[in-house]
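Here's the structure we're looking at; comments come further down.
Both ligands and their constituent atoms are indexed starting at 1 by order of listing.
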Amino acid sequence: GTHETTVLVVGALHPHAVERIGKTFRMEKLGEGDPALITSDLAARVRGVATSAVIDGPFIDALPNLEIVANFGVGYDKVDAVYAESAGVMVTNTPDVLTEEVADTTLGLLIDTVRELPQAQAWLREGKWEGRGNYPLTKLSLRGRRVGIFGLGRIGKAVARRIEAFGLPIAYHNRRKADDVAYDYYPTLLGLAEAVDTLIVVAPGGAGTEKAINAEVLRALGPDGVLINIGRGSVVDEEALIEALGSGTIAAAGLDVFADEPHVPEALIDLPNATLLPHVGSASQTTRRAMADLVVDNLIAWFKDGAPLTPVPETVNVKRHA
Ligand code: NDP
């Protein structure tokens, strides 16, 4: 039975996931994915990991009986899934259950960035409406914009459906053209940035997208340009973005994710044309609970019949040996 199966919770995890893992498996906890913290007892017993922390090759090697890493979150750039595959370890993530929530947040961030709604609210709360009059008219508007999506996957498509309802044209860049949409495809990110004035990043982190939004892409976006990043902080060259926002190379940016969370560079915080959120894309109670359930259901499905619900592409062919 699964009660004899040891699952290690690494780092902070949603309490509902912890509660269910505790009821279903023999649960152990570890502060972080550090191989030095693995005792011989853990090395002998641990067969599953549940986490949203960094899980690298040395940590996987320190757990010789590890079969599965169940990642809390659809983005699994903190887990070395390529190494896991080579070690015969399954990796799962939490797609779909957060898609619409994150798309909602993206549109909120876009409107806040373009129409300065957080600043307008601060104006009211600070008594300026009564004391000084109306909030200044915003320089930017969504009207007439052309939207580019970098990473037209599950969330990108949900964002695109919302943008369609806003009456704005959509183009996108992926490595491959998506066959289920009619939006304009650009085979390069630079080509997309040249064609639009509003760029929404929903691409995953990792080596393939590292600092893809660089000075050249920002220049191509242009002086009316708006950058929204809901994907991963690592996708944007933050130094180049700070420069571009300060010099007027682009007009504004809305960011939910940062290169070194939870640290946000002071230079970014000081910029009035940056709208900054503390990584809240999926952060409602309902959606986070659904993500927690999917983490645990992946573990249960794996140990029951070796068929997890949502394996990541890198490990889709990993099989249970025992
Ligand atoms: P999907 O895998 O469905 O979509 C990712 C898209 O990005 C695909 O269309 C893929 O197309 C494209 N892509 C991947 N790598 C590259 C590359 N190197 N160059 C160009 N395009 C690329 O993922 P989801 O839509 O479910 O999630 C997307 C990301 O959103 C997550 O990985 C996560 O980082 C982020 N996220 C952020 C949240 C937040 O709270 N801010 C919450 C949830 C997710 P192709 O394979 O053809 O290149």
Side-chain angles (χ1 to χ4, degrees), residues 14 52 54 71-79 81-82 91-110 112-113 148-163 170-181 183-193 199-214 217 227-236 253-259 261-262 264 275-292 294-295 309-316:
H14 191 286
S52 51
V54 173
N71 182 67
F72 181 93
V74 67
Y76 55 96
D77 45 312
K78 287 198 236 168
V79 178
V82 172
V91 178
T92 62
N93 64 345
T94 62
D96 305 317
V97 295
L98 46 59
T99 294
E100 302 298 328
E101 190 84 73
V102 179
D104 291 346
T105 310
T106 309
L107 269 291
L109 180 55
L110 173 63
D112 279 358
T113 303
I149 298 179
F150 175 33
L152 193 81
R154 287 169 296 240
I155 299 170
K157 283 173 192 165
V159 169
R161 287 196 297 276
R162 286 159 174 74
I163 299 287
I170 298 158
Y172 71 99
H173 167 65
N174 283 351
R175 287 166 301 187
R176 285 170 298 272
K177 192 173 187 297
D179 48 24
D180 56 346
V181 294
Y183 312 130
D184 290 343
Y185 173 68
Y186 285 83
T188 68
L189 176 58
L190 191 59
L192 177 66
L199 187 56
I200 304 181
V201 178
V202 207
T209 56
E210 174 93 33
K211 295 188 178 172
I213 306 290
N214 56 24
V217 169
L227 177 75
I228 302 297
N229 187 9
I230 195 95
R232 276 294 177 265
S234 59
V235 182
V236 174
L255 310 172
D256 185 48
V257 287
F258 302 88
E261 297 174 9
V264 178
T275 300
L276 310 172
L277 297 178
H279 202 149
V280 293
S282 69
S284 72
Q285 293 184 0
T286 333
T287 294
R288 286 288 171 85
R289 189 182 169 95
M291 291 163 64
L294 187 47
V295 167
L309 305 177
T310 50
V312 304
E314 290 88 339
T315 64
V316 76

Task: Validation row: I149, V202 side chains within 4.5 angstrom (heavy atoms) - done: yes

- [ ] Classify the contact between I230 and ligand 1 as side chain, backbone, both or neither, using a heavy-atom distance cut-off of under 4.0 Å.
- [x] both

Task: Pair R161 + E100: basic N to acidic O under 4.0 Å - done: yes

Task: Heavy-atom pair of closest approach, residues G73 and M291 - done: CA-CE, 3.8 Å

Open item on the list: Students often mix this up, so state it plainly: with edges at 30° and 60°, are the rings of H173 and Y185 parallel, tilted or perpendicular?
Closed with: parallel

TODO: Run the numbers for me: atoms of ligand 1, each under 4.0 Å from some heavy atom of H173, listed by number.
DONE: 20 (C)

TODO: Identify, by atom number and element, the atoms of ligand 1 in contact range of G208, meaning under 4.0 Å from any of its heavy atoms.
DONE: 18 (N)

Task: Atom indices of ligand 1 within 4.0 angstrom of S282 heavy atoms, with elements - done: 40 (O)

Open item on the list: Does the residue F150 have a heavy-atom contact with ligand 1, meaning some pair of atoms that are separated by less than 4.0 Å?
Closed with: yes

Open item on the list: Which of the numbered atoms in ligand 1 are under 4.0 angstrom from any heavy atom belonging to G75?
Closed with: 31 (C), 32 (O), 33 (C)

Open item on the list: Give me the residue, atom name and distance of the protein heavy atom closest to atom 42 (C) of ligand 1.
Closed with: V102 CG2, 3.5 Å

Task: Ligand-side contact atoms (ligand 1) for residue partner V257, heavy atom cut-off under 4.0 Å - done: 41 (N)

- [ ] Would you mind checking which non-hydrogen protein atom is closest to atom 35 (C) of ligand 1, with the distance to 0.1 Å?
- [x] G231 O, 3.4 Å

TODO: Find out whether T310 and T94 are in side-chain contact, i.e. whether some heavy atom of one side chain is under 4.5 Å from a heavy atom of the other.
DONE: no

- [ ] Taking the side chain as every heavy atom from C-beta outward, state whether V235 and E210 have any pair of such atoms under 4.5 Å apart.
- [x] no

TODO: Have a look at ligand 1 and work out which part of P95, if any, has a heavy atom under 4.0 Å from it: side chain, backbone, both or neither.
DONE: neither

Open item on the list: Judged on heavy-atom distance to atom 48 (O) of ligand 1, which of E101, H279, R175 sits nearest?
Closed with: R175

Task: Residue portion contacting ligand 1 (non-hydrogen atoms closer than 4.0 Å) for V74 - done: side chain

TODO: Please report the closest heavy-atom contact between V312 and T92, naming both atoms and the distance.
DONE: CG1-C, 4.1 Å

Task: Shortest reach to atom 46 (O) of ligand 1 by a heavy atom, considering only K157, K177, R232, R176 - done: R176

Open item on the list: As an exercise, identify every atom of ligand 1 less than 4.0 angstrom from a heavy atom of G281.
Closed with: 39 (C), 40 (O)

Open item on the list: Below the 3.5 angstrom mark, is there an N/O of L98, backbone or side chain, next to an N/O of ligand 1?
Closed with: no

Open item on the list: To check your reading of the model: name the closest protein heavy atom to atom 1 (P) of ligand 1, its residue, and the distance in Å.
Closed with: R154 NH2, 3.5 Å

TODO: Identify, for atom 13 (N) of ligand 1, the protein heavy atom at the shortest distance, and state residue, atom and that distance.
DONE: P204 CD, 4.0 Å

Task: Contact atoms of ligand 1, heavy-atom distance to V202 under 4.0 Å - done: 28 (C), 29 (C), 30 (O)

Task: Considering all heavy atoms, the nearest L192-L199 contact - done: CD2-CD1, 3.6 Å

Open item on the list: Minimum heavy-atom separation for V102 and T106, please, with both atom names.
Closed with: O-OG1, 2.7 Å

TODO: Considering only non-hydrogen protein atoms, determine which one is nearest to atom 27 (O) of ligand 1 and report residue, atom name and distance to 0.1 Å.
DONE: I155 CD1, 3.4 Å

TODO: Write out the residue and atom name of the closest protein heavy atom to atom 11 (O) of ligand 1, then the distance separating them to 0.1 Å.
DONE: N174 CG, 3.4 Å

Task: Distance-only side-chain donor-acceptor flag, E101 / S282, under 3.5 Å - done: no

Open item on the list: Give me the nearest non-hydrogen protein atom to atom 4 (O) of ligand 1 as residue plus atom name, then the distance to 0.1 Å.
Closed with: G153 CA, 3.2 Å

Task: Approximate separation, where rounding is to 0.5 Å, of T113 OG1 and I228 CD1 - done: 3.5 Å

Open item on the list: Tell me whether S284 contacts the main-chain N or O of T287 through its side chain, where contact means a donor paired with an acceptor under 3.5 Å.
Closed with: yes

Task: side chain to side chain contact (heavy atoms under 4.5 Å, CB included) between N229 and F258, intermediate numbers included - done: CA-CA 9 Å; N229 187 9; F258 302 88; over 6 Å; no

